[in-house]
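Worksheet for the structure shown next.
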Amino acid sequence: MYRKFYEELTAWENNKIQEPLLVVGARQVGKTWIIKEFCENTYDDFVYINLEEQRELVSIFDNSLQPEAILKNISIFLGRQIQRDTTLVIDEIQQSERAITALKYFAEADCNYRVIGAGSLLGVKINRFESSFPVGKVRIKYMYPMDFEEFLLATGEEQLRDAIKYSFEKMIQLPEAIHKKALDIYHDYLIVGGMPAAVNNYVNTSCNIALFDGEILSNLHLAYLADMSKYVRNASETAKITAVYESIPGQLAKPNPKFKYKEIKSTAVKRDYYGPIDWLDSSGMIIKINKIESPRTPLKAYEDIDNFKIYYSDVGILSCECEVNPSDLLQKTHNIYKGAIIENYVLSQLKINYKNLYFYKPSDSMEIDLMIAIDGKTIPIEVKSGRHKSSKSLKNYIETYEPEYAIRISENNFGYVDNIKSIPLYAVFCI
């Protein structure tokens with residue numbers, strides 16, 4: 001399946017960037033697959049090691065961190081010659097802090113070694129690095145679940161993808177039949193999500209959502225919970241991380257989905273749960289968006305880190321945990337989780353292009369679902385999920401702040417009226 005991340009790997013190689021590449025992302029988003037695919041297509045020779053499956057290899061980094069010594073020892077262990085121009089892939093590199101430290105020496109060597117590291121909880125290790133992290137000596141790139149564009153390509157809908165992108169660029173409506181087809185596939189994506197294993201199952205069942213095996217997502221959810229116990233220092237922290245993660249669907253179902261510690265348990269306070277939330281955020285398992293106090297750029301300068309919302313990194317996992325059926329998410333149906341799932345979908349699409357996402361709520365009469373900066377300008381985004389409101393908030397915002405334009409995301413076709421760009425839900429990946 002085509003993954004946009006392949007282009008990140010290609011750019012790193014084509015520019016002959018000296019710093020090793022670290023690929024960060026949640027479990028099962030496709031990191032190992034895309035790296036191996038890239039290496040097989042790009043290099044004459046590469047070596048792949050996995051520090052979780054081959055735990056004995058961790059000891060190789062306990063001695064010298066010089067590249068030649070490391071490559072020599074790996075060569076002896078594997079029983080094959082490794083040359084200077086052999087590309088080295090170190091999967092689950094978070095298993096060895098010294099292996100991460102060794103990347104500094106690869107970056108500083110006279111030879112431009114090609115080294116790629118990856119790990120399912122590498123983000124957690126980076127944030128909790130106990131010694132000196134090799135800042136400036138590695139390139140860190142984040143990989144996410146498949147977005148809706150990649151989903152369309154996986155299902156053989158390249159022409160539809162092209163039509164959506166063209167309509168977005170020109171801001172012209174798609175023919176109603178094509179608009180409806182795109183909405184139908186988008187509704188399937190809400191159930192399947194972007195985890196490659198789930199998408200693969202959907203494709204292999206002739207893209208028939210009735211035949212989709214939801215157990216794939218249930219098992220992924222369980223694997224995430226297992227990671228919490230495997231990579232956390234003690235049972236108490238594991239319990240807190242699990243409690244936060246399991247509380248998210250219920251919190252999102254509320255009319256006001258702002259995260260509340262009391263929804264975890266009545267005695268919960270920030271002091272006890274700030275660390276677990278940070279762990280989940282660093283692992284790539286959640287998307288956290290903070291409130292901003294003022295809609296001015298740079299938006300980060302005005303963020304309120306104590307007021308935030310939390311979503312799952314993949315909408316399919318949320319739909320699975322909420323036990324919704326495809327019919328529950330259709331336009332005229334009402335389901336307690338529908339608004340949360342649609343918002344989660346939009347967040348997961350935008351997160352790929354925007355590192356930081358924010359919401360704005362200056363008063364009870366105005367709440368803007370999302371705020372992003374495009375070309376240095378603050379753009380308000382309203383998501384018509386059917387959760388709770390009309391366009392009153394967006395109208396008030398436009399009258400107060402006079403943005404260059406605003407965006408309304410809904411099931412409506414493309415359009416541009418009264419300085420508001422109407423963007424269909426299936427076209428969020430274009431933003």
Side-chain angles (χ1 to χ4, degrees), residues 144 147-149 151-152 161 163-174 178-179 182-183 186-187 189-190 257 287 289-300 302-303 309 311 315 331 338-363 365-431:
Y144 300 95
D147 70 1
F148 188 64
E149 179 181 12
F151 187 76
L152 287 172
R161 185 281 306 266
I164 291 170
K165 293 182 77 170
Y166 182 81
S167 287
F168 175 84
E169 290 166 6
K170 303 297 184 182
M171 206 48 60
I172 56 175
Q173 291 196 348
L174 282 168
I178 297 175
H179 173 68
L183 283 176
Y186 147 76
H187 283 128
Y189 181 88
L190 293 181
I287 299 172
I289 66 169
N290 291 334
K291 178 183 175 182
I292 53 169
E293 298 292 351
S294 177
R296 291 180 287 176
T297 56
L299 293 172
K300 190 167 182 62
Y302 301 96
E303 70 178 335
K309 301 176 185 178
Y311 297 83
V315 68
Q331 188 173 24
K338 180 180 175 182
I341 289 169
I342 293 172
E343 289 172 15
N344 204 130
Y345 159 79
V346 172
L347 264 294
S348 66
Q349 304 301 293
L350 289 175
K351 183 66 177 176
I352 296 170
N353 293 331
Y354 295 90
K355 180 181 178 182
N356 296 310
L357 299 166
Y358 304 95
F359 71 97
Y360 182 50
K361 185 176 173 61
S363 66
S365 63
M366 184 192 298
E367 179 175 358
I368 305 300
D369 297 313
L370 284 167
M371 303 291 295
I372 59 176
I374 299 179
D375 297 327
K377 301 176 179 65
T378 301
I379 304 300
I381 299 178
E382 177 185 73
V383 181
K384 297 292 287 181
S385 62
R387 182 195 286 274
H388 53 66
K389 58 181 180 297
S390 63
S391 298
K392 183 179 178 182
S393 286
L394 188 60
K395 181 180 178 182
N396 289 345
Y397 182 92
I398 293 171
E399 290 175 351
T400 303
Y401 297 104
E402 299 180 343
E404 184 165 316
Y405 64 91
I407 294 174
R408 178 179 294 132
I409 299 171
S410 70
E411 293 203 0
N412 293 332
N413 212 321
F414 291 97
Y416 196 4
V417 180
D418 297 331
N419 232 30
I420 299 176
K421 290 185 179 182
S422 175
I423 297 177
L425 281 152
Y426 55 71
V428 176
F429 72 86
C430 296
I431 300 174

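Everything numeric here is computed off the predicted structure, so don't read it as measured data.
- Atom NZ of Lys395 sits in a sparse spot, with 12 or fewer heavy atoms from other residues, nucleotides or ligands closer than 6.0 Å.
- For Pro380 against Ile368, the heavy-atom pair with the smallest separation is CB-CG2, 3.8 Å.
- Across Lys377 and Glu404, no two heavy atoms sit closer than the pair CE-OE1, 2.6 Å.
- Between Tyr401 and Tyr397, the ring planes are tilted. Angles from 30° to 60° get that label.
- A donor-acceptor pair under 3.5 Å links the side-chain atoms of Asp147 to the main chain of Glu149, judged by distance alone.
- The CG atom of Leu347 sits 9.5 Å away from the CD1 atom of Ile381 when rounded to the nearest 0.5 Å.
- Two residues are said to be in side-chain contact when any heavy atoms from C-beta on lie closer than 4.5 Å; Tyr354 and Leu370 fail this criterion.
- Residues His179 and Phe414 keep their aromatic ring centres 6.0 Å or farther apart.
- No side-chain heavy atom of Asn353 sits under 4.5 Å from any side-chain heavy atom of Tyr144.
- Here the closest non-hydrogen pair linking Ser410 and Ser422 is OG-OG, 4.5 Å.
- Residues Glu399 and Glu402 share a closest heavy-atom pair of O-CG, 4.3 Å.
- Between Ile420 and Ile398, some side-chain heavy-atom pair lies under the 4.5 Å cut-off.
- Distance CG/Leu357 to CG/Leu299: 10.0 Å, rounded to 0.5 Å.
- Within the model, atoms CG of Asn344 and CG of Leu190 stand 10.0 Å from one another, a figure rounded to the nearest 0.5 Å.
- When each of Phe429, Tyr311, Tyr189 is checked for a ring pair (Phe, Tyr, Trp, His ring centres under 6.0 Å) with Tyr345, only Tyr189 meets the rule.
- With sequence neighbours left out, the side-chain contact (heavy atoms from CB on, under 4.5 Å) criterion links Tyr416 to Met171, Tyr405, Asn419, Lys421.
- Counting all heavy atoms, side chain and backbone alike, Pro295 lies closest to Met371 at CB-CE, 3.6 Å.
- Qualifying side-chain hydrogen bond (donor to acceptor under 3.5 Å, both in side chains) partners for Asn413, counting only residues two or more places apart in sequence or in other chains: none.
- Expressed to the nearest 0.5 Å, how far OG of Ser363 lies from CG of Asn396 amounts to 8.0 Å.
- Figure legend: Lys309 and Phe359 shown as a cation-pi pair, the cationic atom lying under 6.0 angstrom from the six-membered ring centre and within 45 degrees of its axis.
- Remark: Leu425 CG to Lys384 NZ distance equals 11.5 Å, nearest 0.5 Å.
- The nearest pair of heavy atoms linking Glu411 to Leu183 is O-CD1, 3.7 Å.
- Side-chain contact between Ile431 and Ile379 is absent, with no heavy-atom pair separated by less than 4.5 Å.
- For Thr378 (side chain) and Ala373 (main-chain N/O), no donor-acceptor pair under 3.5 Å exists by modelled atom type.
- With values rounded to the nearest 0.5 angstrom, Glu169 atom CD is found 7.5 Å from Cys430 atom SG.
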